[in-house]
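Throughout, a chain's letter reflects where its sequence line sits, starting with A, and its residues are numbered from 1.
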Number of protein chains: 2
Amino acid sequence: MPAPFDLESFLPYRLNRAAELISLSFAREYKQRYQITRPEWRTLAALGSVGRMTATQVGVHSNMHKTKVSRAVHALEQRRWLKRAEDDADRRIEHLELSVLGQKAYREIAALARAYQESLEQTLGQGAIGRIEAGLADVEQALLAGARKGH
Amino acid sequence: MPAPFDLESFLPYRLNRAAELISLSFAREYKQRYQITRPEWRTLAALGSVGRMTATQVGVHSNMHKTKVSRAVHALEQRRWLKRAEDDADRRIEHLELSVLGQKAYREIAALARAYQESLEQTLGQGAIGRIEAGLADVEQALLAGARKGH
DNA sequence: AATCGACGGTTACAATTGCAACCAATTCGA
DNA sequence: TCGAATTGGTTGCAATTGTAACCGTCGATT
């Protein structure tokens, strides 16, 4: 007799459900106000938070497919929130950077994000979010380590 | 001077990244072998784990959009993994149930899922996954409670 | 019992997405 | 040093997805 399978305690299922819920919940805060999509916000956030990066690095950082990143970058460029700069040594590479306008937008949406998370932390209690994130870090590390070995 | 915003500790971003990573990682286990999509697996899992449910209930349980559920149900029905049964009292409602074939498929994929999670728990240490899930449950509860009040 | 709003579920259509193929540039290896 | 394999990034196309509109049914109000 096999061990029972409880979907409610299956991590991929649980993570998906929670991620979808919280993402949509927060997206409501900026979708209307800034006319920006989810991939665009993630790209903006990555560049604003980390600083100058290439498209590939943005993709790794936020775990987005490279075509998704490519399109988000294009959209942000149209909006003049982002500038591309070529690399001196390798002409395939494009360094991405937020424009002054982009930085302004980033700061504003980041303020929304901060407020959102602060409010959540209020109701969850101090440190609760940090503990989840520590757990997630371990999970990601385990998965990425496993992937390299071809599991 | 505003508090700094660190994307790495922003919960929606972190949850999305982790969820995407683990979902794709596990999807590799069944996509090939069973020719089944992510929404189909989630629906199968919900019905297999919880038992007879309506489409709406499946959607709530797995936090999937109702059209996604509708299409997944249709696909599973084509495959003869699922049966519909009308409700005696309310003719709008359809009760969904796995067929014998569907139950068999569910048991097989559930076994994969169990193995997957066990292996993960091995590397993370006993109880690590449970702690994350407890945290997620709190988050979900907070968000759903907030949504009802119109936040 | 007729009307209106809500509900469960499906579908048409448009937008978003991922895969695969591609281009240009670079690195590797014989 | 030349060709093959690899890399950063884009694009065409097909598949997936969400929005909105819809159908049939139900419940409440009158």
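- Classification of A/Glu40 and A/Arg79 as a salt-bridged pair holds, one side-chain N sitting under 4.0 Å from a carboxylate O.
- The separation between B/His74 atom NE2 and C/dT10 atom C1' is 10 Å, rounded to whole Å.
- When the C1' atom of C/dT16 is taken as reference, atom CH2 of A/Trp41 falls 20 Å away, rounded to whole Å.
- Distance B/Met53 CE to C/dG8 C1': 15 Å, rounded to the nearest Å.
- Nucleotide D/dC26 holds its P atom 9 Å from the CG atom of B/Asp87, rounded to whole Å.
- If you measure from atom CZ of B/Arg92 to atom P of C/dC7, you get 9 Å, rounded to the nearest angstrom.
- Looking only at atom types and distance, the side chain of A/His61 has a donor-acceptor partner in the side chain of B/Glu8 under 3.5 Å away.
- For D/dT19, one of the phosphate oxygens OP1 or OP2 lies less than 4.0 angstrom from a side-chain nitrogen or oxygen of B/His65.
- Counting heavy atoms from C-beta on, the side chains of A/Met64 and A/Thr43 come closer than 4.5 Å.
- In this model, a side-chain donor or acceptor of B/Arg71 finds a partner on the base of D/dG18 within 3.5 Å.
- Remark: C1' of D/dT25 and CD of B/Glu94 are 12 Å apart, rounded to the nearest angstrom.
- Note on B/Arg38: nothing from the nucleic acid sits closer than 4.0 angstrom, heavy atoms only.
- Between B/Thr67 and A/Arg91, the residue anchored nearer the 5' end of DNA chain C, judged by the nucleotide with its closest heavy atom, is B/Thr67.
- The phosphate of D/dG8 (OP1 or OP2) has no side-chain N or O of A/Thr54 nearer than 4.0 angstrom.
- When the shell of 6.0 Å around CD of A/Glu108 is examined, it contains more than 12 heavy atoms from other residues, nucleotides or ligands.
- For B/Ser70 and C/dT10, the shortest distance from a side-chain N or O to OP1 or OP2 is below 4.0 Å.
- Atom pair B/Lys66:NZ and D/dC23:P shows a separation of 14 Å (rounding to whole Å applied).
- Whole-Å rounding puts the B/His61 NE2 to C/dG8 P distance at 17 Å.
- B/Thr56 comes within 4.0 angstrom of sugar-phosphate atoms only, judged by non-hydrogen atoms across all strands, and of no base.
- Residue contacts for B/Ala89: at a heavy-atom cut-off of 4.0 Å it reaches the sugar-phosphate backbone alone, with no base atom in range.
- Nucleic acid contact for A/Lys68: sugar-phosphate only, since backbone atoms but no base atoms lie under 4.0 Å from a heavy atom of the residue.
- The two atoms that bring A/Leu112 and A/Glu29 nearest to each other are CD1-O, 3.5 Å, heavy atoms only.
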